[in-house]
Amino acid sequence: MSNMIKQSVKEVHGIGDEACEQLQAIKVETILDLLEYLPFRYEDYHIRDLHDVKHDERVTVLGVVHSEPSMRFFSKKKSRLTIRLLVNQVLITVTFFNQPYLKSKFKLGEEVTVTGKWDQHRMTITASQANFGQSSSTGKVEPIYSAAGKLTSKAIKRYIKNACTQFLSQMEENLPSYLLEQYKLPNRQDAIYQLHFPQSKEQLKHARRRMIYEEFLLFQLKMQAFRKGQREQSGGKATLLPIKEMDQFKAKLPFPLTNAQQRVVQEIMTDIQSPYRMNRLLQGDVGAGKTVVAAICMFGIVQAGYQAAMMVPTEILAEQHEQSLQKLLEPFGIKVCLLTGKVKGKKRKELLQQLQNGDIDIVVGTHALIQDEVIYHNLALVITDEQHRFGVEQRRALRSKGENPDVLFMTATPIPRTLAISVFGDMDVSIIDELPAGRKEIETYWTKPDTFERVMDFIKKELVAGRQAYVICPLIEESEKLDLQNALDVHMTIQQFFTGQYQVGLMHGRLHSDEKEEVMNAFSKNDVQILVSTTVVEVGVNVPNATVMVIYDAERFGLSQLHQLRGRVGRGSEQSYCILLADPKSEVGKERMRIMTETNDGFVLSEKDLELRGPGDFFGEKQSGLPNFKVADVVHDYRALEVARADASKFINSDVFWQDDAFQKLREYLMEQGVFDGEKLD
Ligand code: ADP
Ligand code: MG
């Protein structure tokens, strides 16, 4: 009988073929789909005092009509109706778009409630609805469904009402009752009903609480069960690392490791030595010292008799890593090589041969490392730097080299720590949350773009002191549409400014790789003092003598990217500066600039970025692996996510969960999701 609910929506009164098709278009096929098609927002018709309403918020107010309505037609269908309304002694303006029929309903001196968006600066409500006299909906919370085509929110509401009457009683509970009691959550039927037909804000709150917990719990159960299953069949090997030699290696480094570096080295070593295959994300802010962590681990692997590979997104970065690894590792007789698209002909052939027969211990390179022609002797550890630059496919290809090598992904784009733990269900996460001692904060300033001369004077002062500067522009060619600064123009202007005094280089994505290298080398050697560049210098590049970073159109970048760019300076012992040229129009844009000037902490920035942009944008589309939650929101309902995560972990690791009837529905869910085959996971 419970299957009724899984039948087509056609069973619901009032839904005919046409409605059925319309519903299908929004992916509502079964009665259950319909019942779970939740409002995307609620119109709150509780009358509020305008003093408590923020700019841009939706509000319902009660007032007295204070002027004759005035009408203006822009076209046949487009019109604007304006009235003045006296609300609690305050005179405001109310406008309605494209609802000309309302005009005759407004009577001078009569009471009316209007609902719409409040513009605090103009004292105006752009209204969607007006109710005259005693209205039925006043004082209520009204669900709004996302509609599509001819299917209106109202129609959806009607269908859902019928579906509730006929079938809601058949909806099954999926959470054990003791959990509902423990967290004081309504049962599933009540929660769904309240979400569709809220009786009060209070009840709506509890209904939402229940659905949020349920969504997070299911998500976490799935992730954790998946991970547990993966671990069991990951088929890695337990590599015995030479601890003593590794300690000696660490002792010979030019600096002591930070506590955070020590800790993550330990976490990685534990993985390498365990029979599971490592799948670990190493996060560390720009300059936190990830390279040396990688070097220590690769040292261990090579001493244990295996090969290691390090993959990076650009040739420049590959060369830099090769050099720094060589410096650290060659004194110990370890052979480090570079493999990029530029290694060609006989040299490439030789190199591939040496990789295959094991003469090369460590190879650093771009995606050239994962081409079919590259065959390893015994690859046991793969490290990728700035992993967010690689697609999932590339990562998989890299992992398929060698026999189930351990994999470490390094990234300087911090993801809010707790969120990272929740989101990367199939990855372990290590975090370097400490910078080496003695680092100076980069002083960051935000100024309007019309301060060119002042900015140039500032750069000049640093150049006179022997330092260098970066100037970053978003695009290389003028695009009228976007009105972005043009790197070529900027380059020319700056060159003119410094004629006969300093060299100004230009770097952008359309240059050939040897041209890029030439420019980069010249900058590294201080033959060029100012480097005008698009964002290609974003990752990894290390020129410690550079102390100024100027970023044009800074409002066009995300916080994480700005932070990455800023991280190109502050790498030496001198005080460094970052100047953001920006004229953001929105409040959020201004807030972003302010945050940049206030903190140098990548984790703080990433939290803010997530808050301001929301998880979808933050991760880039489909990158996150986050499901589309119906009610829950990983940022705002973060605490619930934590609770659900802890509960899921407890369940997955308990016998009760795999046996007790109370968890039957949750086990069924895991089976449906394909992460549990009915046999207990342990
Ligand atoms: P990132 O994490 O951004 O990749 P790097 O590995 O490039 O950072 O390290 C940045 C700089 O800090 C390098 O010059 C490196 O030699 C130095 N460094 C790394 N660890 C330490 C440490 N524990 N103490 C002092 N300097 C360090
Ligand atoms: Mg790095």
Side-chain angles (χ1 to χ4, degrees), residues 246-247 249-268 280-299 309-331 336 362 364-366 382-390 408-415 429-442 470 520 524 536-547 549 560-574 576 578 600-603 605-606:
M246 289 179 75
D247 284 343
F249 176 68
K250 285 189 243 174
K252 290 211 173 108
L253 290 171
F255 41 72
L257 293 179
T258 62
N259 288 331
Q261 283 171 322
Q262 302 260 24
R263 189 187 65 235
V264 302
V265 165
Q266 198 53 52
E267 286 167 358
I268 296 164
R280 187 172 281 277
L281 178 72
L282 172 60
Q283 290 192 55
D285 210 341
V286 198
K290 294 184 289 294
T291 315
V292 68
V293 169
I296 294 165
C297 299
M298 292 200 280
F299 173 88
M310 186 165 188
M311 185 155 94
V312 300
T314 65
E315 287 182 358
I316 297 174
L317 201 53
E319 281 160 29
Q320 278 193 357
H321 272 318
E322 186 219 14
Q323 280 161 23
S324 46
L325 289 176
Q326 250 169 15
K327 212 155 89 196
L328 288 167
L329 297 167
E330 289 210 323
V336 182
I362 293 174
V364 183
T366 53
V382 171
I383 299 179
T384 73
D385 196 12
E386 311 298 348
Q387 69 84 213
H388 63 290
R389 288 296 167 116
F390 293 113
L408 180 69
F409 303 102
M410 304 201 295
T411 178
T413 307
I415 293 154
V429 179
S430 288
I431 297 170
I432 307 183
D433 51 3
E434 181 186 358
L435 294 181
R439 288 279 166 83
K440 290 199 180 78
E441 293 246 311
I442 299 163
Y470 293 95
M520 216 49 230
S524 296
V536 286
V537 301
E538 183 191 337
V539 280
V541 174
N542 194 21
V543 179
N545 192 46
T547 53
M549 167 63 63
S560 298
Q561 208 183 358
L562 287 174
H563 183 58
Q564 282 286 320
L565 288 167
R566 178 169 63 182
R568 298 309 106 216
V569 297
R571 310 198 132 228
S573 49
E574 301 303 323
S576 289
C578 176
N600 265 266
D601 184 328
F603 281 101
L605 283 166
S606 73

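The structure displayed is predicted, hence computed values, not measured ones. Below, all heavy atoms of this structure are taken into account, side chains as well, without hydrogens, waters or symmetry copies. Counting starts at 1 for both ligands and their atoms, following the listed order.
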Does any pair with a residue in residues 249-258 pass salt bridge (charged side-chain N to carboxylate O under 4.0 Å, His left out), and if so which ones, sequence neighbours excluded? Asp247-Lys250
Quick one: list whatever passes side chain to side chain donor-acceptor pair (under 3.5 Å) with Glu441, sequence neighbours left out. Asn600
Indicate whether the side chain of Glu574 and that of Thr547 have a donor and an acceptor atom separated by less than 3.5 Å. no
Numbered atoms and elements of ligand 1 in range of Val286, under 4.0 angstrom, heavy atoms: 3 (O)
Heavy-atom check, side chain of Thr366 versus side chain of Leu317, under 4.5 Å: no
At a 4.0 Å threshold, what atoms of ligand 1 neighbour a non-hydrogen atom of Thr291? 4 (O), 5 (P), 6 (O), 7 (O)
So is Ala288 touching ligand 1 or not, going by heavy atoms under 4.0 Å? yes
What do you reckon, does Pro544 put a non-hydrogen atom under 4.0 Å from ligand 1? no
Test log, rule side-chain contact (heavy atoms from CB on, under 4.5 Å), inputs Thr411 and Lys290: CA-CA 9 Å; Thr411 178; Lys290 294 184 289 294; over 6 Å; no
Counting from 1 in the order shown, the ligand 1 atoms closer than 4.0 Å to a non-hydrogen atom of Thr258 are 23 (N)
Got a donor-acceptor contact below 3.5 angstrom from the Lys440 side chain to the Ser573 backbone? yes
Glu434 near ligand 1, heavy-atom distance under 4.0 Å? no
From the options Arg571, Arg439, Met410, select the one whose nearest heavy atom is closest to atom 17 (C) of ligand 1. Arg439
With heavy atoms of Pro256 as the reference, note each atom of ligand 1 found under 4.0 Å away. 22 (C), 23 (N), 24 (N)
Can you tell which of Ala295, Gly289, Gly284, Pro436 gets a heavy atom nearest to atom 27 (C) of ligand 1? Pro436
With distance as the sole test, does Glu267 use its side chain to make a donor-acceptor pair with the main-chain N or O of Ser430 at under 3.5 Å? no
